[in-house]
**Student:** 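To start, I am sharing the structure in question, which I have written as structure tokens.
We count ligands from 1, going down the list as the structure has it; atoms in each ligand are counted the same way.
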Amino acid sequence: MTVTAQAIPMLSDNYAWLLVDSVSGKTGIVDPAEAAPAVAALEALGKRLDYIFLTHHHDDHIGGVAELVAAYRPQVVGNGADAQRLPKLDISVHEGSLVEFGSARLRVIETPGHTLGHISYYIADGGILLPGDTLFSLGCGRLFEGTPAQMFNAIAKYGDLPDDTLVCAGHEYTASNAKFALSVEPGNAALQARAAEVQALRAAGKPTLPVKLGQERATNPFLRAPDEESFAKLRAAKDNF
Ligand code: ZN
Ligand code: FE
């Protein structure tokens, strides 16, 4: 695995992800809500920033971009179709784009639902999925712009990724998501075990991410919904939970 991903906590419950390609030494940050924690993480590694990868336009995912651009002049990557709502892009991408990142490639997956221009990134060489606010551990993003059908189909696009893929999501929502998930599937033993693990991690002040996609497939009700209709019901129930 040449690419690694490290969670950088930002704001109250956001994670930006610091990507490092061990072959070229190139660095990237995904969804920097703030600049200072990103700068600190880069300086701890003695590195500058080569790329910023954006999943969607919300402030808690782009707030640190201007300052990081001023400091490092990285290449800013985002969805060309949503460019008017994003910081100035150097590399505009769309479904299936392969973005060069040192010795590796990031594959772009269009995942509308949370916002219509939301995209995810997958790095085969590292087994890393960056779903932004589309998929969380034990949950999924709120539908601010898209329909339940769009979100169901967006999440279904992760279906061909391996079970050992590391899910590097945009928020630490796992503990509260666990409560809802347990209300949906109280008898799911894998979910009960995950909920206990999450509680222990949070009590120790540790992130619950990344989590393996295979584990989410066994525990996340939104990944387990069999069709659009049950997905829509689940999303509505979570909104009112
Ligand atoms: Zn968002
Ligand atoms: Fe967010």
Side-chain angles (χ1 to χ4, degrees), residues 5-19 28-38 41 52-68 76-87 89 93-95 106 108-122 128-155 157-158 166-181 198 202 207-211 216 220 222-223 231 234-236 238-239 241:
Q6 179 194 341
I8 314 290
M10 296 195 177
L11 305 178
S12 60
D13 55 26
N14 277 78
Y15 291 127
W17 292 88
L18 177 59
L19 306 176
I29 192 134
V30 183
D31 287 357
E34 300 179 273
I52 294 175
F53 300 101
L54 303 174
T55 64
H56 67 293
H57 73 282
H58 286 158
D59 278 346
D60 64 314
H61 296 256
I62 65 170
V65 171
E67 220 177 306
L68 290 170
V76 180
V77 182
N79 185 354
D82 220 6
Q84 75 285 354
R85 300 197 288 184
L86 292 167
L89 300 178
V93 297
H94 51 80
E95 176 74 25
L106 275 71
V108 174
I109 308 170
E110 289 182 0
T111 47
H114 178 70
T115 69
L116 290 178
H118 194 295
I119 58 174
S120 303
Y121 300 91
Y122 175 65
I128 293 165
L129 173 64
L130 299 146
D133 285 358
T134 297
L135 182 69
F136 299 122
S137 182
L138 303 181
C140 77
R142 275 182 185 271
L143 300 177
F144 287 114
E145 298 178 3
T147 64
Q150 279 176 312
M151 189 62 136
F152 176 80
N153 289 305
I155 289 174
K157 286 179 163 183
Y158 303 146
L166 296 171
V167 179
C168 300
H171 289 271
E172 180 60 66
Y173 289 159
T174 319
S176 76
N177 286 344
K179 293 189 184 116
F180 175 74
V198 164
R202 296 310 290 156
T208 63
L209 297 169
V211 60
E216 288 299 303
N220 186 329
F222 294 93
L223 269 179
F231 181 89
L234 216 48
R235 188 58 260 180
K238 175 69 162 62
D239 289 341
F241 186 68

**Student:** Can you tell me if His61 has an N, O or S atom under 2.8 Å away from the Zn ion (ligand 1)?
**Tutor:**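 Not a single backbone or side-chain N, O or S atom of His61 is under 2.8 Å from the Zn ion (ligand 1).
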
**Student:** The Zn ion (ligand 1) to His118: any N/O/S contact under 2.8 Å?
**Tutor:** no

**Student:** Quick one: report the N, O or S atom of Asp133 that is nearest to the Zn ion (ligand 1).
**Tutor:** OD2

**Student:** Spell out, as yes or no, whether a donor-acceptor pair under 3.5 Å connects the side chain of Asn79 to the backbone of His57.
**Tutor:**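 No, because the side chain of Asn79 does not come within donor-acceptor range (under 3.5 Å) of the backbone of His57.
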
**Student:** Applying the side-chain contact (heavy atoms from CB on, under 4.5 Å) test to His58, which of Leu54, Ile62, Asp60 qualifies?
**Tutor:**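 Of the listed residues Leu54, Ile62, Asp60, the side-chain contact (heavy atoms from CB on, under 4.5 Å) partner of His58 is Asp60.
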
**Student:** Please note down the angle at the Fe ion (ligand 2) between OD2 of Asp60 and NE2 of His171, to the nearest 10°.
**Tutor:**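 Once rounded, the angle between the two atoms at the Fe ion (ligand 2) is 80°.
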
**Student:** Nearest 10° is fine: what angle sits at the Zn ion (ligand 1) between NE2 from His56 and NE2 from His114?
**Tutor:** 100°

**Student:** Is it true that Glu172 and Arg202 have a side-chain N and a carboxylate O under 4.0 angstrom from each other?
**Tutor:**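 Answer for the salt bridge query: yes.
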
**Student:** State whether a side-chain donor-acceptor pair under 3.5 Å links Ser137 with Thr208.
**Tutor:**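 No - no donor-acceptor pair under 3.5 Å links their side chains.
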
**Student:** Counting N and O atoms only, with roles assigned by atom type, does the side chain of His118 sit under 3.5 Å from a partner on the main chain of Asp133, one being a donor and the other an acceptor?
**Tutor:**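 A pair under 3.5 Å: yes.
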
**Student:** So, of the N/O/S atoms that His58 has, which is the nearest one to the Zn ion (ligand 1)?
**Tutor:**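 Atom name of the closest N, O or S in His58: ND1.
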
**Student:** How wide is the angle at the Fe ion (ligand 2) between OD2 in Asp133 and NE2 in His61, to the nearest 10°?
**Tutor:**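 Value returned, to the nearest 10°, is 90°.
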
**Student:** So Asn220 and Leu135, do their side chains get closer than 4.5 Å, heavy atoms only?
**Tutor:**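 Leu135 reaches Asn220 side chain to side chain.
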
**Student:** Any N/O/S atom from Asp60 (main chain or side chain) under 2.8 Å of the Zn ion (ligand 1)?
**Tutor:** no

